[in-house]
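In what follows, a structure is listed as structure tokens, so that the remarks can point back to it.
Because the structure is a prediction, the values reported are computed rather than measured. By convention in this document, chain letters (A, B, ...) are assigned in the order of the sequence lines, proteins followed by strands, and residues within each chain are numbered from 1. Only heavy atoms go into these numbers, but all of them, side chains included; no hydrogens, no water, no symmetry mates.
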Amino acid sequence: MRASQFLIATQKETPADAEIISHQLMLRAGMIRKLASGLYTWLPLGLRVLRQVETIIREEMNAAGAQEVLMPAIQPAELWEETGRWQKYGAELLRVKDRHDRDFCVGPTHEEVITDMARNELRSYKSLPANFYQIQTKFRDERRPRFGVMRAREFIMKDAYSFHVDRDSLDETYEQMYATYSRIFERLGLDFRAVQADGGSIGGSSSHEFHVLADSGEDLIAFSSESDFAANIELAEAVAPESSGSQQSLEKVATPGQHSIEEVSSFLQIPAAETVKTLILRTDENCDQPLLALVLRGSDTLNEIKAAKIHGLSEPLVMADEKEVRTATGAAPGSVGPLDLKIPVYVDRAAAALAAFVCGANEDGFHFKGASWGRDCHSQYTVVDLRNVVEGDPSPDGKGQIQLKRGIEVGHIFKLGAQYASAMNATVLDANGKATVMEMGCYGIGVTRVVAAAIEQNHDENGIIWPDAIAPFSLALAPLNMHKSEAVREAAEALYRDLQAAGYAVLMDDRNERPGVKFADLELMGIPHRLVISDRGLKEGTLEYKGRRDAESRNVAQADVLDFLKEVLSGSH
RNA sequence: CGGGGCGUAGCGCAGUCUGGUAGCGCACCUGUAUGGGGUGCAGGUGGUCGCAGGUUCAAAUCCUGCCGUCCCGACCA
């Protein structure tokens, strides 16, 4: 490709509304442009990267025996009513009506459509297992789109759905997809981790996320320092510490105006880890009490995913208002404690392990010191895992300690089980001639997000540094002063021809620009390899090579350049 | 959806408080010189000041409403 015939839309200045580096660089390098909130046009440069990512995903999915399909982006409401999600999905589902006033949605995911296809086309256990995938545009009407294509409303996803006669077959394909995903992210050249994950609203029993490690990531991942344990913090089990400290006598102390944990712990000169906070939350119709209490150490934070598993708790979690808190406990928030409450009480393992703790006295302006569960709490309570793990916690597998890192979720695999197939009556005949509901798995990769994640992980102060595998061009030719120097022009054109013939994706910067402009643009765009052709070098029969990460360039004899590139670029074609 | 900020040329901004000719840098076009790190000089193109209404002799500027957009809190590839 000649730069003179390719849209090079680089910008010097960073658009004011781009927060994270990948968003800034994608705009500055001329990969994307915003059309509206959460909607982006992919310019030629960006699209080349996107296609590279898609190609790798496609190759690996095909190699794993998955079959590519393409489903409509617009889906009829009837299918979503079959699974109940037309009601349940909420505002993120963009609903539209056609000219006949029929309801449709712009697909945020495709379980319904694929299950409909499967029940129509799959009749016998003999055609199972089957795994279908597509690379397609999704739309989720996010409350708050941000970070450019990282969290856009319209985005491209590779989604795959597998169908099975039984659980064993699902397990097998799930393992195979796990391995396939690992291979895909390895080939993409990304530093990633597979972690245990919560099934989330899509449901299902077993689930792993694939995260690209980056400080800008929105997720926290817990690792063990000693073992291969890795889990999203949403799921990571917080193990109960040894019962610590010694019993003290119970003492009621006046704590006027001291409400928050920080205030109380500094007022009483007692560490937050030896205090207890009591959160009063609303319940749903499955609970005969209007409120319940969650108890954590003052130093811990509530893990809402874990809390949501408590039976009867409203979802999403809603804190009780001040009036409700007073009715239930006799005190205002800030003086509430877990002792002798009349509502159900759930105590985090770590809080339950305290031998003596500070808590609200359920009387405005008073707290207890030295409280003990066994001695002082005369009402029932349940001990559960409620807190987020923190650095230094013991790993749940008993080996090593927890470390936390930030990650960008780029892939997620689920075992869906039979929930969709059963709701939509998707059955096949088994070996006994009996109709049996299929088991399903589902496997997603955020294709557009992968592009942004790759930049988060690979950039410097001059711009993007593409991994070879997804670079928009493998290498660039930068002929200097070619519009004046016949020798440079001829050498550059000849080299360009040879490199193209050899199959390289090469960008020939034939623009009539000064060297500094070319260097800056090529670096901003992240092209991993660069050859400079100049009068100076040609006199000595050399070209100048520089890898995007190299500090210095080196000279290569003109005659050896093809062999040299073959070596440098090996593995990337 | 709640709270806050911002809407002036493709991008980054000033001007708004205190009403009176719409400005700067980058980009873009022309000419010229230059030719190894976003080059210099000269000239130039481009804006219903987010939209609508109001106040006023006069509105980018004051008032009202709406829209868009970004940031902070509940979901997810």
Side-chain angles (χ1 to χ4, degrees), chain A residues 8-20 23-24 27-28 30 33-39 53 57 89-93 108-110 135-160 181 197-202 207 209-212 218-219 232 234 304-305 308 314-319 407-414 442-453 462-463 478-485 488 512-524 530 532-537 544 546 553:
Chain A
I8 292 179
T10 53
Q11 302 177 162
K12 276 190 206 172
E13 295 191 75
T14 303
D17 54 10
E19 279 275 301
I20 59 170
H23 189 197
Q24 294 173 356
L27 290 166
R28 286 228 292 133
R33 288 292 182 259
K34 185 174 77 172
L35 179 65
S37 177
L39 303 177
V53 174
I57 293 172
Y89 210 94
E92 237 170 74
L93 184 66
T109 177
H110 280 70
I135 294 175
Q136 201 243 17
T137 298
K138 304 280 190 248
F139 192 93
R140 295 183 189 173
D141 201 355
E142 293 274 353
R143 231 183 259 197
R144 192 146 92 81
R146 61 193 136 157
F147 305 148
V149 301
M150 190 79 84
R151 178 171 298 284
R153 292 195 291 177
E154 184 174 306
F155 60 101
I156 295 174
M157 175 156 128
K158 187 286 298 177
D159 48 327
Y181 271 40
D198 184 71
S201 63
I202 300 183
S207 167
E209 292 169 349
F210 289 76
H211 284 262
V212 167
E218 293 187 89
D219 288 290
N232 193 307
E234 292 174 349
E304 301 197 8
I305 303 286
S314 82
E315 201 173 350
L317 301 185
V318 185
M319 299 288 284
I408 300 165
E409 184 190 351
V410 289
H412 201 161
I413 59 178
F414 297 84
C442 126
Y443 320 92
I445 292 179
V447 180
T448 38
R449 183 180 283 180
V450 163
V451 176
N462 294 323
L480 304 189
N481 203 21
M482 76 178 280
H483 292 261
K484 285 273 178 66
S485 165
V488 169
N512 185 10
E513 291 287 357
R514 296 172 60 93
V517 174
K518 294 189 182 188
F519 296 157
D521 277 346
L522 295 175
E523 283 162 9
L524 178 57
R530 181 184 83 191
V532 172
I533 302 119
S534 66
D535 278 319
R536 191 200 284 173
E544 189 179 298
K546 185 167 177 296
S553 58

- prompt: Should Ser37(A) be listed as having a side-chain N or O under 4.0 Å from OP1 or OP2 of G68(B)?
  reply: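 No, Ser37(A) has no side-chain N/O under 4.0 Å of OP1/OP2 on G68(B).
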By the 4.0 Å heavy-atom rule, please label [X] as base, sugar-phosphate, or nothing.
X: Asp219(A); value: base
X: Lys158(A); value: nothing
X: Ala152(A); value: base
X: Asp159(A); value: nothing

side-chain hydrogen bond (donor to acceptor under 3.5 Å, both in side chains) with [X]: which residues, sequence neighbours excluded?
X: Glu234(A); value: none
X: Lys138(A); value: His110(A), Gln136(A), Asp159(A)
X: Asp535(A); value: Ser485(A)

On a whole-Å scale, what distance lies between the [atom1] atoms belonging to [N] and [M]?
N: C29(B); M: G35(B); atom1: P; result: 22 Å
N: G65(B); M: G5(B); atom1: P; result: 15 Å
N: U39(B); M: G46(B); atom1: C1'; result: 25 Å
N: G53(B); M: C11(B); atom1: C1'; result: 32 Å
N: G12(B); M: U48(B); atom1: C1'; result: 23 Å
N: G15(B); M: U30(B); atom1: C1'; result: 31 Å
N: G19(B); M: A58(B); atom1: P; result: 15 Å
N: C13(B); M: G54(B); atom1: P; result: 33 Å

- request: Output all residues satisfying ring-ring contact (aromatic ring centres under 6.0 Å, His included) with Tyr443(A), sequence neighbours left out; order by chain, then residue number.
  value: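 Counting only residues at least two positions away or on another chain, Tyr443(A) forms no ring-ring contact (aromatic ring centres under 6.0 Å, His included).
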Taking atom [atom2] of [N] as reference, at what distance in whole Å does atom [atom1] of [X] sit?
X: Leu524(A); N: C11(B); atom1: CG; atom2: P; result: 17 Å
X: Glu234(A); N: A74(B); atom1: CD; atom2: P; result: 12 Å
X: Arg449(A); N: C75(B); atom1: CZ; atom2: P; result: 15 Å
X: Glu142(A); N: C71(B); atom1: CD; atom2: P; result: 13 Å
X: Arg28(A); N: C26(B); atom1: CZ; atom2: C1'; result: 12 Å
X: His23(A); N: C11(B); atom1: NE2; atom2: P; result: 13 Å
X: Arg143(A); N: U69(B); atom1: CZ; atom2: P; result: 17 Å
X: Leu27(A); N: C11(B); atom1: CG; atom2: C1'; result: 10 Å

Residues in side-chain contact (heavy atoms from CB on, under 4.5 Å) with [X], at least two apart?
X: Pro515(A); result: Leu480(A), Phe519(A)
X: Arg514(A); result: none
X: Ala452(A); result: Ser22(A), Met26(A), Val149(A), Met150(A)
X: Asp141(A); result: Leu94(A), Phe139(A), Arg153(A)

query: Does any residue of residues 11-20 of chain A have a heavy atom under 4.0 Å from RNA chain B, and if so, which ones, in number order?
result: Lys12(A), Glu13(A), Thr14(A), Pro15(A), Ala16(A), Asp17(A), Glu19(A)
message: Any carboxylate oxygen within less than 4.0 angstrom of a Lys/Arg side-chain nitrogen, looking at Glu218(A) and Arg151(A)?
response: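 Here Glu218(A) pairs with Arg151(A) in a salt bridge, since their nearest N and O are under 4.0 Å apart.
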Can you give the donor-acceptor pairs under 3.5 Å from side chains of residues 9-16 of chain A to other protein atoms, not counting sequence neighbours?
from     : atom 1 : to        : atom 2 : distance (Å)
Thr10(A) : OG1    : Asp521(A) : OD1    : 2.8
Gln11(A) : OE1    : Arg33(A)  : NH2    : 3.4

Close N/O contacts between protein and nucleotides 32-36 of chain B (under 3.5 Å):
from   : atom 1 : to        : atom 2 : distance (Å)
U34(B) : O2     : Arg514(A) : NH1    : 2.4
G35(B) : O2'    : Asn481(A) : ND2    : 3.3
G35(B) : N7     : Lys484(A) : NZ     : 3.2
G35(B) : O6     : Lys484(A) : NZ     : 2.5
G35(B) : N2     : Asn512(A) : OD1    : 3.1
G36(B) : O6     : Ser534(A) : OG     : 2.2
G36(B) : N1     : Glu544(A) : OE1    : 2.8
G36(B) : N2     : Glu544(A) : OE1    : 3.0
G36(B) : N2     : Glu544(A) : OE2    : 2.4

- request: State the pairing partner of G7(B); accept Watson-Crick or G-U wobble contacts with both distances under 3.5 Å, and report none otherwise.
  value: C67(B)
field: Pair partner, U39(B) [Watson-Crick or wobble, under 3.5 Å]
entry: A33(B)
field: Glu92(A) side-chain proximity, nearest of C75(B), G38(B), A74(B)
entry: C75(B)
query: Quick one: which of G38(B), C72(B), C1(B) gets closest to the side chain of Arg146(A)?
result: C72(B)
message: For Ala197(A), is there any backbone N or O sitting under 3.5 Å from a side-chain donor or acceptor partner on Glu209(A)?
response: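 Such a contact is absent between Glu209(A) side chain and Ala197(A) backbone.
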Tabulate protein N/O versus nucleotide N/O from nucleotides 4-7 of chain B, keeping only pairs under 3.5 Å, one per line.
none

- request: Grab the two heavy atoms, one from Ala18(A) and one from Leu27(A), that are nearest each other, plus how far apart they are.
  value: CB-CD1, 3.9 Å
task: Show the numbers, then the answer: is there a salt bridge (charged side-chain N to carboxylate O under 4.0 Å, His left out) between Arg536(A) and Glu544(A)?
output: CA-CA 10 Å; Arg536(A) 191 200 284 173; Glu544(A) 189 179 298; 5.1 Å; no
